[in-house]
Amino acid sequence: MSSCRETCSPGSLPQRSPRLRPSPFTEASHLFREFGHTTWRLETRKGYGSDRNNPKWQRRLDGRDVAAGPFDEWRLNVRTATAEGRRFERVRLVDDPPTEGQRFLLATAPSNVAAGEDIRNLRRADAVRSGLPDWDFWLFDSRILMRFVFDEDDTTVGVVISEDPTEVLAACQARDKAWHHAVRAADFAGAVRSAA
């Protein structure tokens, strides 16, 4: 199967999450173990409830390093997949100045990168100019789209899975635009620190 990076036709994703009933994330988590070649994420929110509930959140606010420590289940899976030649990639949108939630993600990114993820950042203003969607998704092997649905506290309430060719191709185009302009996490974090 050819890569969508090479075959995507013009199109755009809807700017709002679909009104379909979401499924629990746990019902789709197998995709992170079973994908064949690539999985790619767009993170658009100013913060995430799961991060604020993470013990590392307070440790970062206290000025402690949150990038160190043993790998959790997520990072162990990333390490296994990338050792097999599969890719985990993501682009995170960042406001100017970054929100507290975005600063947390910048601080924790090195542990994900150490596991094998390629994480990049993109200024929100650049994402808007590029016409990127304003909602989160994962794209698996350029053929399965997982859209996140959040509540008012930025907590994931479920996901919507789609293999609709039009939606998947539009997601591929969004990925290509974001990836082209995004900056590697370490370089971006250094620029944010020097501007602070």
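Below, all heavy atoms of this structure are taken into account, side chains as well, without hydrogens, waters or symmetry copies.
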Side chain to side chain contact (heavy atoms under 4.5 Å, CB included) involving [X] - partner list, sequence neighbours excluded:
X: E163; result: R143, I144
X: N53; result: none
X: P110; result: A67

Please list, chain by chain and in numerical order, all residues satisfying side chain to side chain donor-acceptor pair (under 3.5 Å) with [X], sequence neighbours excluded.
X: N112; answer: R75, E117
X: E73; answer: none
X: R59; answer: none
X: D164; answer: none

TODO: Ignoring hydrogens and angles, state whether a donor on the side chain of D136 or T44 is under 3.5 Å from an acceptor on the partner side chain.
DONE: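 Yes, side-chain donor-acceptor contact under 3.5 Å.
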Open item on the list: Do R175 and S142 pair up side chain to side chain, a donor and an acceptor below 3.5 Å, judged on atom types alone?
Closed with: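 Yes, S142 and R175 have a side-chain donor paired with an acceptor closer than 3.5 Å.
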Mind checking whether [X] and [Y] have side chains closer than 4.5 Å, heavy atoms only?
X: L93; Y: R123; value: no
X: V94; Y: F188; value: yes
X: P133; Y: L42; value: yes
X: H37; Y: R87; value: no
X: W135; Y: V149; value: no
X: F148; Y: W138; value: yes

Task: Pairs involving residues 90-130, ordered by first then second residue, that meet ring-ring contact (aromatic ring centres under 6.0 Å, His included) (sequence neighbours left out) - done: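 Matches after skipping sequence neighbours: W57-F104.
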- [ ] Please find out if less than 6.0 Å separates the ring center of F140 from that of W40.
- [x]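 Judged by ring-centre distance (under 6.0 Å), F140 and W40 do not meet the cut-off.
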- [ ] Kindly confirm or rule out a cation-pi arrangement of R79 over F71, judged by NZ or CZ under 6.0 Å from the six-membered ring centre and within 45° of its axis?
- [x]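 Judged by the rule, R79 and F71 form no cation-pi pair.
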Open item on the list: Nearest 0.5 angstrom please: L122 CG to L132 CG, how far?
Closed with: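 Between L122 CG and L132 CG, I get 6.5 Å after rounding to 0.5 Å.
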By salt bridge (charged side-chain N to carboxylate O under 4.0 Å, His left out), which residues pair with [X], not counting sequence neighbours?
X: R129; answer: D126
X: R120; answer: D118
X: D65; answer: none

Show every donor-acceptor pair shorter than 3.5 Å between a side-chain atom in residues 25-35 and any protein atom, with sequence neighbours excluded, or say none if there are none.
{"unit_1": "S29", "atom_1": "OG", "unit_2": "T26", "atom_2": "O", "d": "3.1"}
{"unit_1": "H30", "atom_1": "ND1", "unit_2": "E34", "atom_2": "OE1", "d": "2.8"}

